[in-house]
Number of protein chains: 2
Amino acid sequence: MEAQYDVAKNCLFSKTRTVSRYITNLYTDGLKEVGLTPVQYSMLTAIQVLEEANINGLASALKMDRTTINRNLKPLVRDGLVFINESIDRRERLISITKEGIELYQKGYASWQKAQSDFKDILGEEKRDEMTKLLDEVIAVIGKK
Amino acid sequence: MEAQYDVAKNCLFSKTRTVSRYITNLYTDGLKEVGLTPVQYSMLTAIQVLEEANINGLASALKMDRTTINRNLKPLVRDGLVFINESIDRRERLISITKEGIELYQKGYASWQKAQSDFKDILGEEKRDEMTKLLDEVIAVIGKK
DNA sequence: GCTTACAATGTGTATATACACATAAAAAGG
DNA sequence: CCTTTTTATGTGTATATACACATTGTAAGC
């Protein structure tokens, strides 16, 4: 088979990326009413669960590059949803959610639930569960690396 | 369950996005030796398969936003991999791959194959096939929207 | 033919992503 | 203590993404 048809049919990167873009847009639409992106929402999630994590800790928990965490924190700090404290170890900075952040997060929870529910309606509960299971397995495997 | 633990455990957006980031990095590493990103590689794929598509046609085939296509074409044109022709319909522009583009694409094919193969080794053939099937199903469902 | 509708594209802006490189502070080794 | 190494972070640069808004050209209705 010629290369371009092989890639067009079988590329796991582009398939995954296409699905990722679509789901991102779905959640973006839902969370728009509270003015948060889905990435910001997932970061606020980790910030609350971890409590006073540093940037490397957040990067590890979210499986994102630490420089991406650094950059993505800026709008959250700017909008008063997150604050950053000094640490005894003066190299690191400790990230926490603010009162306003918690309030907005709670407000966004309904939007997030609706996006989850919409996706279930679109895909069907069975396929949705299959997908969740598979994604967890993939994340577990890549987490070992 | 409190919101943040619900989101941390069950969010299909963040699971998909995490896997997408990981796979992107895997293919990025492989294609780095030819100086292409995986997104560029998949765009060059569609440009060859479609032959003289316009921007909307590429956007539709790749399921990407047309403004993203527009922006992503620029480095490809700059690097001489793609050229853009006028059309009889003077609103549209027809996108084609250049000789250099084809050569680089062929060179990148081995890297792409290796990334595909590496992912198979990491995940296992069975799970890889399961994932391919599921992604195709999801893309088919969202394509109807 | 003229006006109106629609279609194709471009641009401003904002977030998301990650590599390469640099800096500063703590820890380790002697 | 002083040097070396490691750790935590910041920044420059480049690509990727998509919405809102604007422009231009074609098609449709009359």
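Quick note on labels: first sequence line is chain A, next is B, and so on, each numbered from 1.
Among all heavy-atom pairs drawn from B:Ser20 and A:Thr16, the shortest one is CA-CG2, 3.8 Å. Taking both residues in full, the closest heavy atoms of A:Ile97 and A:Leu81 are given as CG1-O, 3.3 Å, listed atom of the first, atom of the second, then distance.
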Taking it one step at a time, do B:Glu2 and A:Tyr109 satisfy side-chain contact (heavy atoms from CB on, under 4.5 Å)? CA-CA 10 Å; B:Glu2 283 189 83; A:Tyr109 184 48; over 6 Å; no

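Taking side-chain N and O atoms only, B:Arg17 has no distance below 4.0 Å to OP1 or OP2 of C:dA16. Contact annotation: A:Asn72 does not reach the phosphate of C:dT15 (side-chain N/O to OP1 or OP2, under 4.0 Å). Note on A:Asn25: a side-chain N or O is less than 4.0 Å away from OP1 or OP2 of D:dA18. Distances shorter than 4.0 Å separate some side-chain N or O of B:Arg78 from OP1 or OP2 on D:dT15. For the pair B:Thr68 and D:dA18, the criterion of a side-chain N or O lying under 4.0 Å from OP1 or OP2 is met.
Within 4.0 Å (heavy atoms only), B:Thr37 reaches sugar-phosphate atoms of the nucleic acid but no base atom. If you check every strand for non-hydrogen atoms under 4.0 Å, A:Ile69 touches nothing. Using a 4.0 Å heavy-atom cutoff across all strands shown, B:Ile88 reaches sugar-phosphate atoms only and no base atom.
Between B:Leu73 atom CG and C:dA8 atom C1' there is a gap of 14 Å when expressed in whole angstrom units. Across the protein-nucleic acid pair, B:Asp29 atom CG and C:dC19 atom C1' stand 10 Å apart, rounded to whole Å. Note: CD1 (B:Ile95) to P (C:dA8) measures 13 Å, nearest angstrom. C:dT15 atom C1' lies 11 Å from atom CE of A:Met64, rounded to whole Å. Rounded to whole angstrom, the span from the OH atom of A:Tyr27 across to the C1' atom of D:dA18 amounts to 19 Å. We find that CD of B:Glu86 is positioned 12 Å from C1' of C:dT9, with the value rounded to whole Å. Atom-to-atom, CG of A:Leu26 to C1' of D:dC19 comes out at 16 Å; the value is rounded to the nearest Å. As rounded to whole Å, 14 Å separates atom P of C:dT17 from atom CZ of A:Arg21.
Between the CE atom of B:Met43 and the CG atom of B:Leu58 there is a distance of 6.0 Å, given to the nearest 0.5 Å.
Counting only N and O atoms by type, the side chains of A:Thr45 and B:Gln4 include no donor and acceptor under 3.5 Å apart. Using modelled atom types, one finds a donor on one side chain and an acceptor on the other under 3.5 Å when comparing A:Gln116 with A:Tyr27. Between B:Ser87 and B:Arg93, the side chains place no donor N or O within less than 3.5 Å of an acceptor N or O (distance only, hydrogens not considered).
Within 6.0 Å of NZ on B:Lys120 lie more than 12 heavy atoms contributed by other residues, nucleotides or ligands.
Under a 4.0 Å N-O distance rule, the pair B:Glu103/B:Lys107 does not qualify as a salt bridge. Ion pairing between a basic and an acidic side chain is recognised when a charged N comes within 4.0 Å of a carboxylate O; B:Lys133 and B:Glu137 show such pairing.
Here the side chain of A:Asp65 is nearest to one of D:dC19, C:dC19, C:dA16, namely C:dC19.
Axis deviation across the helix from C:dG1-D:dC30 to C:dG30-D:dC1 amounts to 20°, comparing end segments of five pairs, rounded to 10 degrees.
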Under-3.5 Å N/O pairs linking protein and nucleotides 6-13 of chain D:
unit_1: D:dT7; atom_1: O4'; unit_2: A:Arg91; atom_2: NH1; d: 3.4
unit_1: D:dT7; atom_1: O2; unit_2: A:Arg91; atom_2: NH1; d: 3.0
unit_1: D:dT9; atom_1: OP1; unit_2: A:Ile55; atom_2: N; d: 3.3
unit_1: D:dT9; atom_1: OP1; unit_2: A:Arg93; atom_2: N; d: 3.2
unit_1: D:dT9; atom_1: OP2; unit_2: A:Ile55; atom_2: N; d: 3.4
unit_1: D:dT9; atom_1: OP2; unit_2: A:Asn56; atom_2: N; d: 2.9
unit_1: D:dT9; atom_1: OP2; unit_2: A:Asn56; atom_2: ND2; d: 3.4
unit_1: D:dT9; atom_1: O4; unit_2: A:Arg66; atom_2: NH2; d: 2.9
unit_1: D:dG10; atom_1: OP1; unit_2: A:Arg93; atom_2: NE; d: 2.4
unit_1: D:dG10; atom_1: OP1; unit_2: A:Arg93; atom_2: NH1; d: 3.2
unit_1: D:dG10; atom_1: OP1; unit_2: A:Arg93; atom_2: NH2; d: 2.6
unit_1: D:dG10; atom_1: OP2; unit_2: A:Asn70; atom_2: ND2; d: 2.5
unit_1: D:dG10; atom_1: OP2; unit_2: A:Arg93; atom_2: NH2; d: 3.4
unit_1: D:dG10; atom_1: O5'; unit_2: A:Asn70; atom_2: ND2; d: 3.4
unit_1: D:dG10; atom_1: N7; unit_2: A:Arg66; atom_2: NH1; d: 3.1
unit_1: D:dG10; atom_1: O6; unit_2: A:Arg66; atom_2: NH2; d: 2.5
unit_1: D:dG12; atom_1: N7; unit_2: A:Arg71; atom_2: NH2; d: 2.9
unit_1: D:dG12; atom_1: O6; unit_2: A:Arg71; atom_2: NH1; d: 3.0
unit_1: D:dT13; atom_1: O4; unit_2: A:Arg71; atom_2: NH1; d: 3.1

